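Before any comments, here is the structure.
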There are 2 protein chains.
Amino acid sequence: MKKTVLLSMLLLSFTSAAATDMLPAWKDTPAKQAIEQWVQGATREGGADFIPLDKRYVVFDNDGTLWPEAPLTFQLQFAVDEVKRLAPDHPEWKKDPLVAAVLNNDLKTVAAGGEKGLLKLLALTHSGMTTEEFSQRVSAWFDSHQDKRTGCRYDQLGYQPMRQLLDYLRANGFKTWIVSGGGIDFMRVVSEKMYDIPPEQVIGSFALSEFSLTDDGTELRKTMKGAFNDDAAAKPVAIHLFMGQRPVAAFGNSDGDLAMLQYTAANPNYKTFELLVHHTDAAREYAYDSHPSASGKLVKGLTEAKQKGWTVVDMQQDWKTIYDPAQCQAK
Amino acid sequence: MKKTVLLSMLLLSFTSAAATDMLPAWKDTPAKQAIEQWVQGATREGGADFIPLDKRYVVFDNDGTLWPEAPLTFQLQFAVDEVKRLAPDHPEWKKDPLVAAVLNNDLKTVAAGGEKGLLKLLALTHSGMTTEEFSQRVSAWFDSHQDKRTGCRYDQLGYQPMRQLLDYLRANGFKTWIVSGGGIDFMRVVSEKMYDIPPEQVIGSFALSEFSLTDDGTELRKTMKGAFNDDAAAKPVAIHLFMGQRPVAAFGNSDGDLAMLQYTAANPNYKTFELLVHHTDAAREYAYDSHPSASGKLVKGLTEAKQKGWTVVDMQQDWKTIYDPAQCQAK
């Protein structure tokens with residue numbers, strides 16, 4: 001079969017996909033309309049806003065954009081649970097005030113440890129094992145832990161409207177990428193299952209592993225060397241490094257995503273799209289991001305969105321559902 | 001159109017593609033037969049060696065595997081030419097013995113500078129500009145320079161048998177990746193045109209860029225920070241970081257590719273394929289790699305290939321053509 005034939009069949013499938021409502025979890029508000037208008041323009045061949053198939057790269061933050069980040073990010077919760085699981089084998093850990101705080105559920109002290117404390121927790125739980133062992137530990141954690149508030153598995157808590165948006169964009173020929181401050185090896189364990197995003201399209205914080213030969217093969221052991229924190233101004237850097245081209249749309253939720261949205265909006269070749277998820281729904285999720293002191297805060301981003309005409313999603317106003325009720329019946 | 005329908009059409013197209021000889025630049029020798037046998041096994045649904053579509057990731061070294069690396073790698077030639085082009089604007093450079101050697105075509109002194117000298121040349125020619133400016137410089141260099149021996153443009157010198165092999169593997173559902181010691185930003189300028197490989201499937205040596213806002217948008221400026229040399233034991237590390245899964249086939253040409261082949265061969269889930277291109281053809285290309293002192297040397301690799309049954313391509317014996325005569329009529 002010729003490439004061109006295959007391509008036109010793909011295009012056909014995109015067209016027919018666009019005819020049905022692929023965003024039923026979105027209310028019919030300006031946010032949804034803005035998305036659909038942009039996608040229609042980007043896919044209308046011959047139109048002024050057309051974007052060729054091989055340039056349709058779009059990037060999504062993860063924590064707070066595709067899944068919740070409150071009260072702790074899932075990955076920090078994993079680190080806390082792993083410290084507790086591993087502590088009996090490491091009696092020396094108890095002498096460390098940070099680890100002691102984790103074991104005593106004293107999250108205030110943990111938070112007060114700042115970035116240095118976080119790096120220590122990551123070193124204890126995200127390095128020293130092989131990459132395969134780490135993936136198994138992450139899998140086992142997802143299989144055995146639930147979010148306290150909803151009672152659901154963490155990997156059932158992808159926001160339904162955003163998961164539909166990923167499907168809708170892919171049906172229109174877009175390549176969907178995650179660009180997150182979360183750990184690359186952590187997210188890749190669930191990205192395919194939760195979002196239909198393959199591992200190579202997940203960009204995140206990382207550190208370098210170490211290769212060696214073993215008796216029966218090879219191993220890659222996780223270290224903290226070359227640690228790269230994929231947040232704020234580092235996000236465009238990572239997009240260039242991993243993806244090698246500028247996105248045409250960017251979706252985030254906090255000021256840590258601002259640089260990624262600015263980098264996308266400055267794409268000189270295409271009419272781009274930028275969106276911020278605003279956490280306004282204390283009843284169904286959390287409302288936290290407009291406080292300047294909040295982690296995951298969204299302050300500068302809201303100002304810039306207004307100036308530049310970016311879309312702001314008000315979770316309470318714009319989303320019919322937060323989670324997929326077929327996956328997770330929140331308590 | 002349903003995903004499954006589309007998928008079966010894709011599979012159909014793979015099947016029909018396999019019926020014609022997609023490797024006409026290869027002589028009918030054991031090397032070609034080994035490739036075809038492995039691909040047939042990997043794509044035979046229900047067979048013992050079947051590899052699912054979403055696991056068909058294969059990795060290729062670039063210098064010496066997909067294009068020549070003698071007498072200098074193309075990228076080092078680019079760096080040399082760039083130093084010459086830029087030197088008039090930097091009179092202070094002349095005081096530097098390494099730059100003086102470059103300007104005097106004294107490649108012996110350049111080579112004697114070793115890795116430190118190489119890093120200095122890279123710093124002068126691969127950092128300080130925006131990522132866009134760098135791409136433009138690389139493009140301009142390809143447009144204005146020819147390989148001395150063949151008289152051809154450097155981007156016409158992809159090995160024809162390997163370019164056919166890339167097409168053949170893709171027609172059978174494999175995702176082709178480059179994993180090279182070459183610079184990631186350098187290779188990505190030509191990877192699509194030369195090999196039909198999009199930028200995000202090119203992994204190479206890199207350093208981090210720096211993001212900033214400008215009067216009319218944003219910029220990423222290339223630096224030497226966090227420099228990562230994607231060679232030898234670093235190749236599996238980079239594969240894990242960028243690709244996030246273990247390859248099922250690896251193609252290289254030097255001992256610098258050995259770790260990548262070992263990592264691939266140790267894939268616990270599938271029957272893998274490993275191949276080394278042996279530079280034996282002084283008449284049509286170069287014969288250099290069996291000297292233990294050669295850069296791009298292949299000594300340990302040949303021993304291990306024999307022990308493990310990896311395929312070794314003898315360029316003189318196994319390839320009908322080296323370059324595509326339609327692109328490049330070598331002098």
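Residue numbers start from 1 in every chain, and the chains themselves are labelled A, B, ... in the order their sequence lines are given, proteins ahead of strands. Fair warning: this is a prediction, and the values are worked out from it, not measured in the lab.
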If you count every heavy atom of other residues, nucleotides or ligands that lies below 6.0 Å from A:Lys308 atom NZ, does the total exceed 12? yes
How about NZ on A:Lys225, more than 12 heavy atoms from neighbouring residues, nucleotides or ligands closer than 6.0 Å, or not? no
Determine whether B:Val237 and A:Glu210 make a side-chain contact, defined as any pair of heavy atoms from C-beta on separated by less than 4.5 Å. no
Is [X] close to chain B through its backbone or its side chain, or both, or neither, when contacts mean heavy atoms under 4.5 Å?
{"X": "A:Leu220", "result": "side chain"}
{"X": "A:Lys235", "result": "neither"}
{"X": "A:Ile203", "result": "neither"}
{"X": "A:Phe206", "result": "side chain"}

With chain A as the partner, which of [options] has the greatest number of non-hydrogen pairs under 4.5 Å?
{"options": "B:Pro236, B:Ala265, B:Ala234, B:Ala238", "answer": "B:Pro236"}
{"options": "B:Ala259, B:Pro268, B:Gly226, B:Ser135", "answer": "B:Ala259"}
{"options": "B:Ser209, B:Ser212, B:Gly217", "answer": "B:Ser209"}

So CZ of A:Phe242 and CG of B:Leu241: to nearest 0.5 Å the spacing works out to 4.0 Å
For each of [options], tally heavy-atom pairs with chain B at distances under 4.5 Å, and name the one with the top tally.
{"options": "A:Arg188, A:Met243, A:Lys175, A:Glu132", "result": "A:Arg188"}
{"options": "A:Leu213, A:Thr214, A:Asp216", "result": "A:Leu213"}
{"options": "A:Val202, A:Asn267, A:Asp185", "result": "A:Asp185"}

Testing the 3.5 Å rule here: is there a donor-acceptor pair between the side chains of B:Arg246 and A:Thr218? yes
Yes or no on side-chain contact (heavy atoms from CB on, under 4.5 Å) for B:Gln245 and A:Glu200, after CA distance, side-chain angles and deciding distance? CA-CA 8 Å; B:Gln245 54 199 302; A:Glu200 73 270 21; 3.5 Å; yes
Would you please classify the geometry between the B:Phe211 ring and the A:Tyr263 ring as parallel, tilted or perpendicular, with 30° and 60° separating the classes? perpendicular
For B:Pro199 and A:Gly244, which heavy atoms make the closest approach, and how far apart are they? CB-O, 4.0 Å
